[in-house]
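Since the structure comes first, as C-alpha cells, the remarks are kept for the end.
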Amino acid sequence: MYIAKKWLKIITLFTVASFASVMSLQVHAAAPFLKLEQQLSDSSPSDALALLNEFRLDTINTAAYSTTAFDRAKLHFLYGKQYARNRQLEQSIANYDMAIVQSKPLKDSELLIESYLGRSFALYLKTNDPEVYCSDRTKALVLARQQSNRELLAKSLTQNAFCFNKVINVHNGIALLDEAMLLIDIEGKANYNRKAMIFNATGSLYRTVGLHKRGYVNFEKAYQNWSEIDNTQDMFNMLHNMISEAVKLGDWDKARDNIEQQFLLAVKASEFNDFGFFAHLNAGRVELATHNYADAIEYLEQAIALKDTTREQYFISSSYLFLAQAYLRSGDVEKAAVMARIFKQDDTFPKNMSSMMLKADAIIALDQQQYLSAINALLEVIDKEREKNKQIIDNEVIDSALEHNSALAEFENQLLANKLAINELSLAAVADKERIYDLRVSLFFLVATVLLIAVLFLWQSRKAFKHSAQTDFLTGIANRGHVFNLGQRMIDRTIKKQEPLAVIIFDIDNFKSINDQYGHQVGDMAIKAVAKRGERWLRECDLIGRIGGEEFLIVLPGVTEADASLISERLREGIAAQAFKFDDVVIELTVSIGVSVLKSPQTRLTELVNQADKGLYKAKFSGKNRVYLIEECA
C-alpha cells in the first residue's frame, strides 16, 4: 500500500510538471503573435504592413519553441488582413488562400473560419458581387456552428446576412441577424464593433427591400457604435452608406452633411489614402442628383484623378458612369460617350448591376445617333426597376420578417419615387437632345404611370382584403379557419408525394395567471410575442396559425418524426431562453408542446390535431415546458 501511494505521488507530480511545461510552451508560442496583433491594430494600414514585413518567424524558432503549420497559416492570415486594409486586394486574397490551405488540416477550425471570412471581405472589396464572395461566408458559418466561440459565431452570422440581398430571401438574412444579436452582450463596451456590424447588415437588408428610412437609421446606429471605439475606416464606410440612403430619400441636407463629414475625415485620417476619392465621388453623385451638373462634373473629375489611391474597382468604374451622365445632362454627348466606353471596359463589373450597363449602352447609342437603341436600353432599365419593385410589393414575408407596419399607401409611394428618380435623368436627356416622341412620349409615360399606380392599388387592395380574412387579428399569423383549410391541402399534397409530415400544437403555460396578475392587455402582448418568436424557428414552407386563446398549430411538411422532435425542442428552448419584456413587466414564458406525425394515407388533419392535443395534455400533466410525441397516428 505504501509503495502504491508513493508511485501515485510520483506520477501526479510528473503529470503536473508536464502540464505546466506544456502550458508554458503554449503561452510562449502565443506571446509573439499576441504582441504582434496588438501592434498591428494600433497602427495605420501602411505602418501595420511595414511592421508585419519586419516580423520573422525564424526569430521565434528556438530550442524552447519550434514554428508549426499553425504559425505559418497565422502569418499568412495576418498578411491577408493587412493587405486588405491597404486595399492591395490581389495580395490579400493570395495570402488568405495560403492561410486556408495550411489551416484546413489543423484540428483548430477558428483560424480557418477567420480566414474564410477575411477572404470573403477582400473578394467583396474587389468585386462587390455576392455570387463571388458569399461562398466563403457559407463555409465559415457551417464551421462556426460546430465551435463554442459565441463571438466568432455572431461574426459569421452577421457576415452571412449580407448575402441575402434579394427581396425573395431577405427575411433569411434578418433571421441570421436576430440569432447573432442574441449572442451579443448588449451592455459590454467590447461589443461595439459586433453591434455595429449587425446594424450595418440590418441597414443593408432594409435597403434591399426599399425601406430606405430604416436603412438610414441602422447605418447611423452602426456609425455611432464605431465612433465609440474610434474605428475611422468603418465610420467613413457608414457615412458612404448613409449618403446613398439619403440620396434615395431625396434628403439632400443629410446627404451634404455626411459628405462634409467624409471630407473632414479625409483630412484628419490622411493615412487612409482613398478617403478623398470617395468623398469626391459622393459629392459628385449628390450634385448630379440635384441637377447641379457643372459641380457634379468638377467633383467626379477630381474623384477620377484620385482613382489610383483606391483598389476598389467597382467604385472607380461607377465614377466613370456618373461622370458620363453628368456630361450628358450638361449637353456634351461626345464626352459622355467617352466616359461610358471607359466604364464598359471593366469586364469584372458585377453582372447583377445590369441597369448601370444599360445606361452606358444608351449613352453610347445616343452618341452614335442610334436613337431607337438608346430608347430601348432605357425602357429595359425601366422594366428591370419595375420588376424589382414588383418583387418588393409581392413578397408577403417581408412585412412579417421586418415587422413592417407602415401604411400600404406610404410604401407604394416610396417604391414609385425610387423608380421615377432612377429613370428621370436618362429619359430627360434623350428627350431634350433629339426631341424623340416629344409630347407623345411624355404622355405615354404619364398614362403608363397612372395605370400602373391604379393596377397596383387595386391588386394590393384585393390582396389586403384576402389577407385580412385569413389572418388572426392579434398575432398576424393564420387564423383557425385558414390554418385548417391550408393544412389539409398540405397533407393531401404530402400523401400524394409519399413524403413525411408532422403536426405541432403548443400553448403558453400558466397563461390564466398572467391575465389575472397583469391584465388582459399584457396577456395579449404575450400571445403576440410568443407567435413572433415561434415564427423565427420555422421554414418558409411551414404553416403556423392561432387556433385558440393561447394555443397554436404548426404543420411541418417533409419533416420526419425525429426532425419534428428536434424542431419542437428548439421551439420550446427558443421561447424559454429569453424573458419577454412588456413595458415595465418582465415575464418568463414557457410553452408545452404536443407532436404527432403522419403514418397513414387516410389520415385527416383533424385526426393529427387530436393526437397532438393528447400529447400536449401529457406534456402539461408531466410538468409543463415539455415536448411529448405521440408515437402512432394511423
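The closest side-chain donor-acceptor pair between Ser513 and Asn510, if any, does not fall under 3.5 angstrom. One side chain, Ser120 or Arg137, offers a donor N or O that lies under 3.5 Å from an acceptor on the other. Between the side chains of Asn479 and Arg546, no donor-acceptor pair is found at a separation under 3.5 Å.
The distance from atom CD of Gln147 to atom CG of Leu143, rounded to the nearest 0.5 Å, is 7.5 Å. Between Tyr628 atom OH and Tyr617 atom OH the span is 12.0 Å, to the nearest 0.5 Å. Atom-to-atom distance recorded for Ile514:CD1 and Phe580:CZ is 9.5 Å, nearest 0.5 angstrom. Summarising the geometry, atom CD1 belonging to Ile113 is positioned 7.5 Å from atom CG belonging to Leu117; distances are rounded to the nearest 0.5 Å. Atom CG of Asp516 sits about 10.0 Å away from atom CZ of Phe511, to the nearest 0.5 Å. Rounding to the nearest 0.5 angstrom, the gap separating the CG atom in Asp251 from the CD atom in Glu245 is 11.5 Å.
In terms of heavy-atom proximity, Gly487 sits nearest to Val555 at CA-CG2, 4.3 Å. Between Ser156 and Ala144, the shortest heavy-atom contact is OG-CB, 3.5 Å. Pairing each heavy atom of Ser115 with each of Ala99, the nearest pair is OG-CB, 3.6 Å. Nearest heavy-atom pair, Ser568 versus Ile593, reported as atom, atom and distance to 0.1 Å: O-CD1, 3.4 Å. The minimum heavy-atom distance between Leu629 and Ser565, with the atom names listed, is CD2-OG, 3.7 Å. Among all heavy-atom pairs drawn from Gly574 and Arg533, the shortest one is O-CD, 3.2 Å.
Note on Arg480 versus Asp472: no salt bridge recorded, every NZ/NE/NH1/NH2 to OD/OE distance being 4.0 Å or above. Note on Lys599 versus Glu607: no salt bridge recorded, every NZ/NE/NH1/NH2 to OD/OE distance being 4.0 Å or above. Look at Glu114 and Lys155 and you find a salt bridge, because one of the NZ, NE, NH1 or NH2 atoms lies within 4.0 Å of a carboxylate O, short of that distance. Salt-bridge check for Asp492 with Lys496: failed, with every basic side-chain N at 4.0 Å or more from each acidic carboxylate O. Ionic pairing of Glu151 and Arg194 is present here: one or more N-O contacts between side-chain nitrogen and carboxylate oxygen are shorter than 4.0 angstrom.
A donor-acceptor pair under 3.5 Å links the side-chain atoms of Thr127 to the main chain of Asp129, judged by distance alone. A distance-only check finds a donor-acceptor pair linking the side chain of Asn225 to the backbone of Lys221 [under 3.5 Å]. Side-chain atoms of Asp509 do not come within 3.5 Å of backbone N or O of Lys624 as any donor-acceptor pair. A donor-acceptor pair is defined here as one N or O able to donate and one able to accept, closer than 3.5 Å; such a pair exists between the side chain of Thr138 and the backbone of Cys134. Although no hydrogens or angles enter the test, the distance criterion places no donor-acceptor pair under 3.5 Å between the side chain of Asn200 and the main chain of Ala196. Looking only at distances, no side-chain donor or acceptor of Thr158 sits under 3.5 Å from a matching main-chain atom of Ile198. Formation of a donor-acceptor pair under 3.5 Å by the Asp613 side chain with backbone atoms of Val609 is not found in this model. Asn218 places a side-chain N or O within donor-acceptor distance of the main-chain N or O of Arg214, the cut-off being under 3.5 Å.
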Practice task
Please lay out, stage by stage, how Ile575 and Thr590 fare under the test side chain to side chain contact (heavy atoms under 4.5 Å, CB included).
Solution key: CA-CA 6 Å; Ile575 292 173; Thr590 63; over 6 Å; no
Practice task
Any chance you could lay out the side chain to side chain contact (heavy atoms under 4.5 Å, CB included) test for Leu141 and Leu157, step after step, and finish with the verdict?
Solution key: CA-CA 7 Å; Leu141 181 56; Leu157 289 164; 3.7 Å; yes
Exercise for the section: In sequence, state the C-alpha distance, the side-chain angles, and the governing distance for Val595 and Val627, and then conclude on side chain to side chain contact (heavy atoms under 4.5 Å, CB included). Expected result: CA-CA 7 Å; Val595 186; Val627 174; 3.9 Å; yes
Exercise for the section: Test Asn149 against Glu110 for side chain to side chain contact (heavy atoms under 4.5 Å, CB included), laying out the working first. Expected result: CA-CA 8 Å; Asn149 188 329; Glu110 291 191 4; 3.4 Å; yes
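The shortest side-chain heavy-atom distance between Phe77 and Tyr96 falls under the 4.5 Å cut-off. With contacts defined as side-chain heavy-atom distances shorter than 4.5 Å, the pair Tyr206/Val217 does not qualify.
Screening Ile505, Val483, Ile544 for a side chain to side chain contact (heavy atoms under 4.5 Å, CB included) involving Ile554 leaves a single residue, Ile544.
A search for ring pair (Phe, Tyr, Trp, His ring centres under 6.0 Å) contacts involving His240 returns Phe278, Phe315, not counting sequence neighbours.
Residue pairs meeting the ring pair (Phe, Tyr, Trp, His ring centres under 6.0 Å) criterion with at least one partner in residues 544-569, sequence neighbours excluded, are Phe506-Phe552.
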